[in-house]
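Below, chain A is the first sequence line, B the second, and so on; all start at residue 1. In this text, all values refer to a predicted model and were calculated from it rather than measured experimentally.
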Amino acid sequence: MRRDMSQVLCDQIAALVLQALDAAQSAGDLPPFPLPDPAVERGRHEQHGDYASSVCLKLAREARMNPLEIAQRAIAHLSPAPFVGRAEAVAPGYINVWLDEDWLTSQVERILAAGSDFGRLDKGGGQRVQVEFVSANPTGPLTIGSTRNAVLGDALASVLEAAGCQVEREYYVNDAGSQIRRFGESVLARYAQALGEAAPFPEDGYHGSYVLGLGRELAEEAGRRYLEMERVAAVHAVAAWAIGQILIGVRRDLAELGVEFDTWRHEQSFRAEGLLDQALTRLRAGGYVVEYDGATWFRHPDLEKDVVLIRSPQVIPEPAERPTYLASDAAYLLDKLVKRGFDRAIYVWGADHHGDVPRLKAAAQALGLDPERAVLVIYQMVNLWQGGEEVRMSKRTGDFVTLRELLEQVGPDPIRFMLLSRSADSTIDFDLDLAVEQSDRNPVYYVQYAHARIASILRHAQEEGWAVDAPADLALLHHPSELGLVRKMLELPEVIDLAASQLSPHYLPFYAQELAAVFHAFYRDCRVVSSEPGDEGLTRARLRLVRAAQGVLARVLALMGMSAPERM
RNA sequence: GCCCCCGUAGCUCAAUGGACAGAGCGCCAGACUUCUAAUCUGACGGUUGUGGGUUCGAGUCCCACCGGGGGUGCCA
């Protein structure tokens, strides 16, 4: 796999600044102090340069000097670098750095050479990371909440891959426990009804219409076989069949959304491998297990209250259904971090599960694992709006909007873009009307349009007889809009770095919009394919430029799991 | 009651403790005989919920309150 060895520009500027401070100290221009965090960031205004460091402001106290003077003395020791055009010390003490314009334009070839690997970093160091996401119970179709989970987890995995981690995407199939039995009983009842039997529907059963469908399907497929079977065995068999059917649909819908998993880990399978027993043994050995009220409890100093691991037989009679989620989670931790040896296990959880975080962390600690290796990404809820009203959803009554319906009404690209465009901490109000709307009110198409527009330029160029891959003299690119486009393209590695380190893929759609915006501005200012005599060199250079921009747009769209259309 | 998330422009949202808090949409005024107008340019728009504190510097950190959402021992 080819890697972008220049890594992140921001880091290179930071290294230069630190080196300048160090040199100034050695020369006696600055008093001795430990080198701090260089605090380099993108300049927010043009006057602030491409990059700015506020490090001298932080140093003022320690060095007992005016921060501006620190900046001035440091800058005098700044060693030359090909990418630095100029650097200035500015009140109250910033070091502002402008990129060199010839270096900037030369980067177009580097971006083109990197191709779809542009922005690939080495920061992960090949660390093995598992991202476990969606993991919705296989008792019904995916809802919009699970869709946010899917979009977030998949983009997170992509970004971590780009940052240099070895990533595995996993779906945890919770196919054991009392909910599964209840689901099996519900399907069995609908199945019996489909065969004309008056079967009672279980209390707290699954009322969704899809359960009716499953019952009818099973009746056609299996005839009266399950009616003649002993009930417990029938429930078991029907549940297994129904889970299989649900998972087929889940897998199909996720694939249509562009989400594919490397592994589907079934709770029953790691139980069968003895991991549940191993986990309980470890917890017992550590003295974290107590027994009372007929149940087995997890007790940990970090937790205010004991948590049930194995339910009491008075509450749930069947042994196979007595372990709680926490017991399975503990076993699963062993699976992830010990048996399969991931360095980090990332969990993508909805806010309705945030209360379980301390328990999982405590369990990890109690199992003798570093709790830091279990990383929780919590996202807030999604509310659906249509016709100016909130669409109330209830899984219990089976009244909810599914991913399938969203795919049919909206399509995968707007779903992904809209659900990715907010930080995980923000609740999303998903406006169905807006998502469906194909207009400039919908930012999804803005980014894709930039890509399609470039494709159109390249088609036009070829029709005019230009070789779009011909070498060019990039030094001919001088226009502010040309340079702005290159600057923005070079930000991608930083965006990937930021999104990966903060586990926040929502930076991607914001960046994608910015990149599209600078391209559209370039399009306005600079004609690519010129028929003017004497413009041949510039045309060739601009063809290189737009081809690079197309590649970067395609790259960021791919990271978001979206398509990059050639025409719109 | 306690725990978690949110409160920023009319609306939807950004902002790794740093400079004058930014985008998109909406509204208003403009730009297509030229590679796609799903585009672009400009204007308007703010006491960052309230009150304290920490800091050279706070939308960001701490405390208290107000408002919205989520959770809170044998549901998942």
Is the [X]-[Y] ring centre distance short of 6.0 angstrom?
X        : Y        : result
A:Tyr449 : A:His520 : yes
A:Tyr292 : A:Trp297 : yes
A:Tyr172 : A:His266 : no
A:Phe270 : A:Tyr332 : yes

salt_bridge([X], [Y]) N-O dist < 4.0 Å:
X        : Y        : answer
A:Glu267 : A:Arg271 : yes
A:Glu494 : A:Arg42  : yes
A:Asp469 : A:Arg547 : yes

- Note on the structure: RNA chain B nearest-nucleotide lookup for A:Glu566 and A:Gly43: closer to the 5′ end is A:Gly43
- Between A:Ser53 and A:Asp306, the residue closer to the 5' end of RNA chain B by nearest nucleotide is A:Ser53
Rounded distance in Å - [atom1] ([X]) to [atom2] ([N]):
X        : N     : atom1 : atom2 : value
A:Asp425 : B:C6  : CG    : C1'   : 8 Å
A:Lys58  : B:A58 : NZ    : P     : 13 Å
A:Phe298 : B:C74 : CZ    : P     : 17 Å

Could you run down the sub-3.5 Å N/O contacts of the protein with nucleotides 29-34 of chain B?
{"residue": "B:U34", "atom": "O2'", "partner": "A:Arg527", "partner atom": "NH1", "Å": "3.0"}
{"residue": "B:U34", "atom": "O2'", "partner": "A:Arg527", "partner atom": "NH2", "Å": "3.1"}

Under-3.5 Å N/O pairs linking protein and nucleotides 20-25 of chain B:
{"residue": "B:C20", "atom": "N4", "partner": "A:Gln47", "partner atom": "NE2", "Å": "3.0"}
{"residue": "B:C25", "atom": "O2'", "partner": "A:Arg441", "partner atom": "NE", "Å": "3.3"}

- Message: With a 3.5 Å limit on both atom pairs, tell me what B:A64 is paired to, counting Watson-Crick and G-U wobble, or say none.
- Response: B:U50
- Message: Tell me which nucleotide, if any, is Watson-Crick or G-U wobble paired with B:G45 when both distances must be under 3.5 Å.
- Response: none
- Message: Taking CD in A:Glu46 as the centre, count heavy atoms belonging to other residues, nucleotides or ligands within less than 6.0 Å. Is the count above 12?
- Response: no
May I ask you to evaluate whether [X] reaches the phosphate of [N], defined as a side-chain N or O under 4.0 Å from OP1 or OP2?
X        : N     : answer
A:Tyr206 : B:C75 : no
A:Tyr325 : B:C74 : no
A:Ser135 : B:A76 : no
A:Ser178 : B:A76 : yes
A:Arg453 : B:U39 : no
A:Arg181 : B:A76 : no
A:His506 : B:A15 : yes
A:Ser423 : B:A14 : yes
A:Tyr445 : B:A38 : no

- Looking for any heavy atom pair under 4.0 Å, which part of the strands does A:Asn174 touch: base, sugar-phosphate only, or nothing? sugar-phosphate
- Note on the structure: Contact string for nucleotides 66-71 of chain B, one letter per nucleotide 5' to 3', B = base within protein heavy-atom range under 4.0 Å, S = sugar-phosphate only, - = neither, reads ----BS
- Item | hbond_proxy A:Asp329 side chain to B:A76 base (donor-acceptor, 3.5 Å cutoff) | no
